[in-house]
Structures are given as C-alpha cells and as structure tokens.
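Encoded as structure tokens, the structure appears first; notes follow it.
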Protein chains: 2
Amino acid sequence: MNDSKTITPEDIAARLQEYSINPTAQRVEIARVLFSRRTHLSAEDVFVLVNEQSSRVSKATVYNTLGLFAERGLIREVIADPARVFYDPNTAPHHHFYDTSTGRLTDIAADKVHVSGLPAVPEGMDVEGIDVIVRVRPASVDKD
Amino acid sequence: MNDSKTITPEDIAARLQEYSINPTAQRVEIARVLFSRRTHLSAEDVFVLVNEQSSRVSKATVYNTLGLFAERGLIREVIADPARVFYDPNTAPHHHFYDTSTGRLTDIAADKVHVSGLPAVPEGMDVEGIDVIVRVRPASVDKD
DNA sequence: CTTAATGCAAAGGCTTTGCAGAGAC
DNA sequence: GTCTCTGCAAAGCCTTTGCATTAAG
C-alpha cells in the first residue's frame with residue numbers, strides 16, 4: 001500500500017505475487033515502468049523505457065510479460081488503435097478518449113460515466129468488462 | 001431507399017455516389033458483399049466473399065476500398081480485436097458485444113443504451129463517435 | 001488521349017514462437 | 001540438477017505502398 005509516487009522494487013514484487021506472477025528482475029522492471037507512468041503504453045514504449053533505465057530486457061520478454069500481466073489481470077489491454085495494443089496499468093473501471101488523428105488515449109474516470117440499458121449478455125457468457133471509447137478528432141478548424 | 005433484402009447494383013452505385021465514391025465494378029462488388037450480409041467483416045472476409053461471387057478483386061483493392069469507404073463514412077471501422085479491423089456496414093449508432101474467446105462481434109442496438117456522465121471532450125476536439133464494447137467470455141463452466 | 005482505378009508483389013509494422021542458454025533454488 | 005525465464009532471430013499476420021497495366025470517357 002504505497003500511494004506516493006515512489007514505488008520500490010519490493011512494492012512491485014509484492015504486487016506481482018498477489019497476481020501469482022513470479023517476480024523476476026525483468027518483470028519487476030516492466031511493471032515499474034508501467035506503474036510509475038500510469039499511462040497507456042505500447043509494447044514498443046515499454047521496450048524503450050525499460051532499456052533506458054537499468055536492465056536490458058529483450059523485446060520477446062516485453063511482449064511475453066505484457067501478455068502475462070494482462071492475462072493475470074495486473075494490467076489491462078486497450079484495443080483502440082488498429083495498429084497496436086496499449087497496456088493500461090489502471091485496472092479500475094474507466095474509459096477512454098481516443099484521438100483518431102494521433103492515436104493518443106486519455107482516461108475518462110468511470111465513476112462519472114454510467115452506461116444504462118445494456119441488454120442481457122448472450123446465454124452462457126460472462127461480462128469481462130465494458131470499454132467505452134469516445135473517438136475524437138481535432139475540431140473542424142483544420143479539416144481537410 | 002430500398003429496404004428489402006434485394007439490393008441491385010444500381011442501388012449500390014447510387015449509394016456510393018451519395019458518398020462521392022466513383023462506383024467502379026470492384027467497389028460495387030465490395031459494397032454489395034458488405035450490405036447484403038450486414039455483418040462485421042474483416043478485410044480477409046471481404047476478399048474471400050468478393051472472389052467467391054463474380055469478379056476478381058485483388059487484396060490491395062479490397063484494402064484500399066474498405067479504407068476509402070470508411071473514410072467517406074459509408075461504413076464504419078470497428079476496432080475490438082487486436083488482430084484485425086472489422087468493417088461494419090451499419091453506420092447507425094450502435095454498440096458491440098465482443099467475445100474475447102472467439103473474436104466475434106455482435107450488435108447492441110444503440111437506442112437501448114444510454115451513456116451518461118461523459119466529461120466534456122478536450123479543448124478543440126469534436127466527437128466522432130462513441131464505441132461501447134462489452135467484452136464477454138464463456139461463463140466459467142468451461143474455463144481453463 | 002488523359003485521368004483514375006486496379007493488381008501484383010514487395011515491403012513494413014506489430015506480435016508470436018522455437019529453442020538454446022542463463023538463472024533460481 | 002531441475003525447472004523456469006530470458007533472449008535472439010526467424011517467422012507470421014495484417015496492412016500499406018510503388019509502379020506498371022488496364023479501364024473509362
């Protein structure tokens with residue numbers, strides 16, 4: 001329970017273990033990058049940031065680790081950009097603005113948003129989550 | 001305005017022209033595939049379906065044409081599956097169930113759904129659309 | 001003839017995979 | 001020593017692009 005901006009490797013390791021993830025050095029580094037920025041990062045972003053810091057982590061490990069984190073529920077995949085997956089360390093329910101001109105994502109706090117009138121899910125299905133993506137673009141000042 | 005299931009090439013051509021799209025043979029074929037199925041089709045799906053029918057259309061043309069259609073507003077891109085873009089001939093506001101185990105999309109009529117409490121969009125931005133994607137998975141009967 | 005669209009194949013970007021080597025206990 | 005993780009490089013998809021050919025008026 002550390003709610004300041006300083007996150008220690010031990011905090012990270014503990015968190016990984018809560019999600020049944022063996023906290024290896026690389027995984028801790030990757031998690032640290034994610035949780036210290038608290039933004040939407042692509043695998044490439046993570047790869048760059050991790051290698052900027054201390055350890056060397058290969059691309060394969062970055063991809064595998066992000067997949068593992070997402071599968072275990074430590075982070076969330078955001079599918080909004082057709083070209084790449086973003087990983088979001090914020091697993092609390094929330095939504096996104098997606099700027100179609102730049103591909104940039106911005107958070108929308110979920111407590112402000114209410115989605116009503118959704119039909120029952122198909123038989124035998126469980127809801128995993130609800131993504132609300134508000135697609136925005138620069139106003140028509142500069143449209144072509 | 002033809003609301004029966006039979007869509008003639010002339011209907012299609014007229015519709016393309018409403019969207020300032022020059023109705024070539026290939027484009028009409030592609031549009032026909034989309035509007036006669038009224039489902040979410042990937043570029044690959046369209047490619048297969050178009051070539052099953054009459055004319056031969058290359059993959060490049062399928063991709064370029066789908067992009068053109070989407071850009072002009074004739075169809076809508078649905079970004080829900082990290083692996084491929086789906087194209088939706090239904091441009092009326094509506095939402096989707098996304099089965100994460102199969103990648104299949106199902107429509108949710110928009111008139112049933114109400115999204116409230118969205119914050120104002122960032123300065124200088126216009127809302128292009130709101131996507132609500134309800135991610136579902138088979139209930140825990142058969143989980144692994 | 002002139003302009004626009006098509007098709008082929010190559011290239012490009014993101015992601016996954018196979019397998020050998022390194023690390024942890 | 002055994003089991004797991006990591007890293008490299010190759011391969012796999014989906015999609016885009018360059019350019020010559022073809023179609024349209």
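All values derive from a computational prediction rather than experimental measurement. We name chains A, B, ... by the order of the sequence lines, and we start the count at 1 in each one.
- Rounding to whole angstrom units, CZ of residue B:F69 and P of C:dA5 are separated by 12 Å.
- In this structure, A:N22 places its CG atom 20 Å from P of C:dA22, rounding to the nearest Å.
- Going from atom CG of A:D81 over to atom C1' of C:dT15 covers 14 Å, rounded to whole Å.
- If you measure from atom CZ of B:F47 to atom P of D:dT15, you get 13 Å, rounded to the nearest angstrom.
- With distances taken from any side-chain atom of A:V57 to the nucleotides C:dT6, D:dG7, C:dG7, the minimum falls on D:dG7.
- A sub-4.0 Å separation between OP1 or OP2 of C:dG23 and a side-chain N or O of A:Q26 is absent.
- When each of B:N64 and A:S42 is assigned the nucleotide of DNA chain C bearing its nearest heavy atom, the one mapping closer to the 5' terminus is B:N64.
- No hydrogens or angles considered: nothing links the side chains of B:T65 and B:Q26 as a donor-acceptor pair under 3.5 Å.
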So A:H40 and A:H96, ring pair (Phe, Tyr, Trp, His ring centres under 6.0 Å) or not? Walk me through it. CA-CA 10 Å; A:H40 313 90; A:H96 298 100; 4.7 Å; yes
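- Ion pairing between B:E18 and B:R15 fails under the 4.0 Å rule for side-chain N and carboxylate O.
- If you take CZ of B:R27 and P of D:dA23, they are 16 Å apart, rounded to a whole angstrom.
- Side-chain atoms of B:D11 and B:T8 form a donor-acceptor pair, as typed in the model, at a separation below 3.5 Å.
- With rounding to whole Å, B:R84 atom CZ is found 9 Å from D:dC14 atom C1'.
- Look at A:S58 and you'll find a side-chain N or O under 4.0 angstrom from OP1 or OP2 of D:dG7.
- Atom CD1 of B:I21 and atom C1' of C:dA5 are 14 Å apart (whole Å).
- Residues B:T24 and A:Y63 both approach DNA chain C. Their nearest nucleotides, taken by heavy-atom distance, put B:T24 toward the 5′ side.
- Nucleotide D:dA11 holds its C1' atom 15 Å from the NZ atom of A:K59, rounded to whole Å.
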